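From a predicted model like this one, the values you see are computed outputs, not experimental measurements.
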Amino acid sequence: MTVWIGLTGGIGSGKSQAAAEFAKLGVPHIDADAVSRSLTAEGGVALPAIRARFGDGLFDDQGRLNRAALRDLVFRRPQAKAELEAVMFPLILAEIRAQQAAYAGAVYGIVDTPLLIEQPPFLALVSRVLVVDVAEATQIRRVQQRSGLGEDEIRRIIAAQAPRRQKLLYADDVLDNEGSVAELAAKIGRLHRYYQAVFQAV
């Protein structure tokens, strides 16, 4: 039976790079954000429910979702965020379970989601939690370099995520990612060999 590991980390932690390194090693990788985008892409199965909940104003003449307008609505109205999650989360969870079933023969796989700790239903999909960890100053520097956002905006995003200490309390394994991409790849290589050895017997 495949052992599923939940991969998470705050913005700027390098979680996406870590997921890419596991994928290079042939490890099954399910990206919750990619699942969410597919559900809200043109013709996506979530669109009718989003339209019913929030109205036609979030859609263009071709029926495509205006993601920027939806993000703005969710940031401005906490109730809208809860309503969107009520629509999206059951669909995301169902799609992740369907993808997991397709990898039933693998030793282990990665479920990559930034909301692993914040949303208990996601924790139910995995047997182990791997946290990619960096200091807050590193998060801010990396996000500024890649996106140009101001420090106040980045701190607001960090504050909206589970605190670093909370993530570490949930962690079965921690990847310190203060170093280079090469250093991260080496650490993941060692972790990969460990996971294979431990889970092969499960």
Side-chain angles (χ1 to χ4, degrees), residues 1-11 13-54 58-59 62-68 70-71 73-74 80-132 160-162 167 170-173 175 188 191-192 194-202:
M1 184 178 73
T2 305
V3 175
W4 288 97
I5 298 169
L7 175 67
T8 195
I11 185 173
S13 66
K15 176 183 67 65
S16 296
Q17 183 63 44
E21 296 298 333
F22 277 109
K24 287 178 187 176
L25 296 170
V27 179
H29 170 226
I30 300 173
D31 183 343
D33 281 347
V35 169
S36 178
R37 288 192 297 272
S38 72
L39 293 169
T40 56
E42 190 169 357
V45 299
L47 296 185
I50 292 173
R51 187 187 290 270
R53 187 68 61 98
F54 298 105
L58 292 178
F59 294 83
Q62 282 73 47
R64 291 175 299 217
L65 178 66
N66 184 332
R67 295 174 189 272
L70 180 59
R71 281 194 301 271
L73 176 65
V74 166
K81 180 175 184 288
E83 291 173 359
L84 180 63
E85 289 174 349
V87 169
M88 292 298 298
F89 283 172
L91 297 172
I92 294 170
L93 292 167
E95 177 58 25
I96 290 174
R97 289 191 191 98
Q99 291 190 28
Q100 285 177 322
Y103 293 112
V107 175
Y108 80 96
I110 297 292
V111 177
D112 169 7
T113 173
L115 296 177
L116 186 67
I117 308 304
E118 292 86 340
Q119 297 296 333
F122 286 103
L123 280 171
L125 297 172
V126 301
S127 303
R128 194 176 182 103
V129 173
L130 171 59
V131 172
V132 183
Q161 299 179 331
K167 287 188 175 76
Y170 276 88
D172 296 290
D173 304 294
L175 267 174
I188 288 174
L191 197 53
H192 174 62
Y194 169 74
Y195 285 158
Q196 285 186 312
V198 171
F199 301 145
Q200 201 92 47
V202 174

Checklist entry - Has the side chain of Q161 got a donor or acceptor atom that lies under 3.5 Å from a matching backbone atom of I11? => result yes

Item to check | For R51, all residues meeting salt bridge (Lys or Arg N to Asp or Glu O under 4.0 Å), sequence neighbours excluded | outcome: D56

Next on the checklist: What I'd like to find out is whether the side chain of F59 reaches to under 4.5 Å of the side chain of L65, using heavy atoms alone.
Outcome noted: yes

Item to check | Interatomic spacing from CG in L191 to CD1 in I5 - rounded to 0.5 Å | outcome: 7.0 Å

Checklist entry - Is a side-chain N or O of D172 found less than 3.5 angstrom from the main chain of V129, in a donor-acceptor match? => result yes

Checklist entry - What's the spacing between Y194 OH and Y108 OH if we round to 0.5 Å? => result 12.0 Å

Next on the checklist: Looking at L7, is its backbone amide N or carbonyl O close enough to the side chain of K15 to form a donor-acceptor pair, meaning the two atoms are under 3.5 Å apart?
Outcome noted: no

Checklist outcome for this item: For E85, the salt bridge (Lys or Arg N to Asp or Glu O under 4.0 Å) test, sequence neighbours excluded, returns K81

If you look only at distance, which donor and acceptor atoms sit under 3.5 Å apart when one is on a side chain in residues 88-103 and the other is two or more places apart or in another chain?
unit_1, atom_1, unit_2, atom_2, d
E95, OE2, Q99, NE2, 3.1
Q100, NE2, L125, O, 3.0

Checklist entry - Would Y170 and L116 count as a side chain to side chain contact (heavy atoms under 4.5 Å, CB included) if you check the C-alpha gap in whole Å, the side-chain angles of each, and the deciding distance to 0.1 Å? => result CA-CA 10 Å; Y170 276 88; L116 186 67; over 6 Å; no

Item to check | V132 versus G14, closest heavy-atom pair with distance | outcome: CG1-C, 4.2 Å

Checklist outcome for this item: Sorted by chain and residue number, the salt bridge (Lys or Arg N to Asp or Glu O under 4.0 Å) partners of R64 (sequence neighbours excluded) come out as D60

Item to check | Y195 and V3, any side-chain heavy atoms less than 4.5 Å apart | outcome: no

Checklist entry - Under 3.5 Å, side chain of T8 to main-chain N/O of V131, donor-acceptor pair present? => result no

Checklist entry - If every non-hydrogen atom of A104 is compared with every non-hydrogen atom of T2, which pair is closest and at what distance? => result O-OG1, 3.1 Å

Next on the checklist: Tell me the closest heavy-atom pair linking A49 and V87, and the distance in Å.
Outcome noted: CB-CG1, 3.7 Å

What donor-acceptor contacts under 3.5 angstrom involve side-chain atoms of residues 27-35, with partners at least two apart or in another chain?
unit_1, atom_1, unit_2, atom_2, d
H29, NE2, D112, OD2, 3.1
D31, OD1, D33, N, 2.9
D31, OD1, A34, N, 3.2

Checklist outcome for this item: CG of N66 to CZ of R71, rounded to nearest 0.5 Å, is 8.5 Å

Item to check | side-chain hydrogen bond (donor to acceptor under 3.5 Å, both in side chains): pairs with one or both residues in residues 116-131, sequence neighbours excluded | outcome: R128-D173

